[in-house]
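As structure tokens, the structure follows; a few thoughts come after it.
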Amino acid sequence: MDSGCPPIVNKNASILIAGARGLAGSALVRRLRKLGYENLLTPTSADLDLRRQAAVEKYFDEKRPDCVILAAARVGGIHANNTRPADFIADNLVIQNNVIDASYRSGTKKFLFLGSSCIYPRLAEQPMRESALLTGELEPTNQWYAIAKIAGLKMCQAYRRQYGFDAISVMPTNLYGPFDNFSELDSHVLPALIRRFHEAAQKNAAEVVLWGTGTPRREFLHADDFADAACLLLEKYSAEEPVNIGCGTDVSINELAALVAAATGFRGRIVNDTSKPDGAPRKLLDVSRLTALGWRPNIPLAEGIASTAEWYRANYASARR
Ligand SMILES: NC(=O)c1ccc[n+]([C@@H]2O[C@H](COP(=O)([O-])OP(=O)(O)OC[C@H]3O[C@@H](n4cnc5c(N)ncnc54)[C@H](OP(=O)(O)O)[C@@H]3O)[C@@H](O)[C@H]2O)c1
């Protein structure tokens with residue numbers, strides 16, 4: 001989207017994208033390049049482990065990036081959160097503490113922090129407004145991740161208030177797209193479905209069983225649309241309140257499964273195992289703060305799922321499985 005306004009971040013600015021190989025980070029790199037930003041810093045975790053404070057400080061002292069996007073985090077679905085709570089709280093706290101502080105100290109002019117829709121209270125009123133944060137109990141399965149992310153958001157606000165550091169935070173909904181994590185135990189619902197339906201189609205399986213009734217509703221946004229919105233905010237937004245990034249519409253899990261079945265060529269039955277839990281009936285973001293800036297998503301869900309399934313097929317050997 002063309003904002004038509006002079007960007008806060010100059011086109012020659014050096015921009016560090018931490019987590020540039022991940023789902024969100026790789027989409028941000030694609031989008032920034034398309035917008036004409038060429039001076040991008042994209043270290044991998046092997047180049048720079050963001051949990052190591054001394055290494056992070058040294059890197060920032062040397063590179064002094066003008067702008068920093070923190071898209072590096074320990075991320076995963078329910079199983080990963082539930083079985084490795086210490087990793088989720090400790091890694092995320094230390095990564096964001098190191099990166100936010102080093103950015104401020106090395107003179108970064110603009111900082112973007114990625115929160116998440118899943119850190120809102122589990123029973124937040126739907127659609128969820130930014131003001132719902134910290135108004136109720138968290139979802140117990142991902143509370144470790146949520147507490148860390150909330151601390152990151154608060155740290156950005158605190159550095160803005162005390163030091164005038166221009167740190168902004170966004171709250172993306174469920175993202176999907178190329179370079180997602182399709183692994184059996186660590187993935188989110190949509191890449192997990194793409195993997196399962198792809199395998200079922202390959203084996204000509206008669207059915208795929210889904211947990212629960214299939215009626216809960218969830219919102220999904222293609223990572224390229226996310227990156228488009230995030231870059232708009234990077235260029236135009238400067239305030240301490242976080243901004244939700246979503247498409248503003250949701251689908252039921254059964255509708256989602258039907259789209260994935262069509263995209264992967266699965267022709268068998270989709271069966272609901274109603275003895276398994278459903279989770280929250282609905283999770284949808286209120287995106288009025290973002291749409292007030294003129295932003296709209298570009299990639300319809302069916303199209304995005306089809307291209308992601310195609311990417312998964314074409315990159316089967318190298319995709320995170
Ligand atoms: N996926 C979603 O649906 C979703 C929704 C809302 C918010 N978000 C937020 O978006 C951000 C990125 O998530 P994602 O889905 O893109 O995750 P992802 O695909 O798993 O990517 C995470 C990235 O973090 C990097 N990383 C992890 N630990 C690191 C460390 N110790 N040092 C340096 N880098 C490290 C990884 O780098 P290497 O590849 O180099 O190892 C990886 O590129 C997270 O903050 C997440 O909370 C995601």
Side-chain angles (χ1 to χ4, degrees), residues 22-23 75-84 116-118 122 126 139-142 145 172-226 246-247 249-285 297 299-321:
L23 169 66
V75 180
I78 294 177
H79 177 82
N81 266 276
N82 243 342
T83 51
R84 298 202 301 278
S116 172
S117 61
C118 68
R122 57 189 289 263
Q126 302 294 317
E139 165 60 40
T141 49
N142 75 350
Y145 170 85
T173 189
N174 300 302
L175 305 177
Y176 70 95
F179 301 98
D180 204 345
N181 185 349
F182 296 85
S183 78
E184 198 163 346
L185 294 178
D186 276 355
S187 57
H188 291 116
V189 56
L190 185 38
L193 287 180
I194 290 177
R195 176 199 165 106
R196 285 182 59 203
F197 277 91
H198 172 80
E199 286 172 359
Q202 297 289 301
K203 290 183 204 144
N204 248 325
E207 61 180 40
V208 167
V209 179
L210 300 183
W211 272 35
T213 61
T215 57
R217 302 186 69 80
R218 297 289 183 269
E219 179 185 18
F220 298 92
L221 185 72
H222 194 283
D224 286 334
D225 272 340
F226 155 75
C247 58
T249 54
D250 53 9
V251 289
S252 74
I253 295 298
N254 275 355
E255 287 164 346
L256 183 72
L259 291 174
V260 176
T264 52
F266 174 72
R267 299 195 200 292
R269 278 178 303 140
I270 299 172
V271 178
N272 292 107
D273 179 355
T274 53
S275 70
K276 294 289 195 300
D278 258 351
R282 195 175 190 205
K283 286 277 192 183
L284 178 64
L285 287 178
I299 305 172
L301 187 57
E303 204 178 284
I305 290 177
S307 63
T308 305
E310 179 52 38
W311 183 90
Y312 181 65
R313 263 194 297 275
N315 295 276
Y316 191 73
S318 59
R320 279 183 285 171
R321 289 188 290 121

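Taking both residues in full, the closest heavy atoms of Arg195 and Phe182 are given as CD-O, 3.1 Å, listed atom of the first, atom of the second, then distance. The two residues Tyr145 and Asn81 come nearest to each other via the heavy atoms CB-OD1, 3.3 Å. Heavy-atom minimum distance, Phe266 versus Ala205: CE1-O, 3.4 Å. The two residues Tyr176 and Leu23 come nearest to each other via the heavy atoms C-CD1, 3.7 Å. In this structure, Gly304 and His222 approach most closely via the heavy-atom pair CA-CD2, 3.9 Å. Nearest approach of Val208 to Arg196, heavy atoms of both residues: CG1-NH2, 3.6 Å.
Here Leu259 contributes atom CG and Glu303 contributes atom CD; the two are 12.0 Å apart, rounded to the nearest 0.5 Å. Between Gln126 atom CD and Leu285 atom CG the span is 8.5 Å, to the nearest 0.5 Å. Separating the CG atom in Asn315 from the CD atom in Glu310 is a distance of 9.5 Å, to the nearest 0.5 Å. Between Tyr312 atom OH and Ile194 atom CD1 the span is 9.0 Å, to the nearest 0.5 Å. Here the CZ-CD1 distance, from Phe197 to Ile305, works out to 10.5 Å after rounding to the nearest 0.5 Å. The CZ atom of Phe220 lies 7.5 Å from the CG atom of Leu301; values are rounded to the nearest 0.5 Å.
When each of Thr249, Thr173, Asn174 is checked for a side chain to side chain donor-acceptor pair (under 3.5 Å) with Glu219, only Thr173 meets the rule. Just one residue in the list Thr215, Leu210, Thr213, Val209 forms a side-chain contact (heavy atoms from CB on, under 4.5 Å) with Asn272, and that residue is Leu210.
At least one side-chain heavy atom of Leu190 sits under 4.5 Å from a side-chain heavy atom of Val260. Inter-residue side-chain proximity for Leu256 and Arg218 is flagged as unmet; no heavy-atom pair is nearer than 4.5 Å. Side-chain contact between Asn181 and Val75 is absent, with no heavy-atom pair separated by less than 4.5 Å.
A distance-only check finds a donor-acceptor pair linking the side chain of Asp225 to the backbone of Ile299 [under 3.5 Å].
Other residues, nucleotides and ligands contribute at most 12 non-hydrogen atoms within 6.0 Å of the CD atom of Glu184.
Between Phe179 and Trp311, the two ring planes are tilted [angle within 30° to 60°].
For the pair Lys283 and Asp250, the salt-bridge criterion is not met [side-chain N within less than 4.0 Å of a carboxylate O].
A cation-pi arrangement, defined by a distance under 6.0 Å to the six-membered ring centre and an angle within 45 degrees of its axis, is present between Arg321 and Tyr316.
For Ser252 and Asn254, the side-chain atoms include no donor-acceptor pair closer than 3.5 Å.
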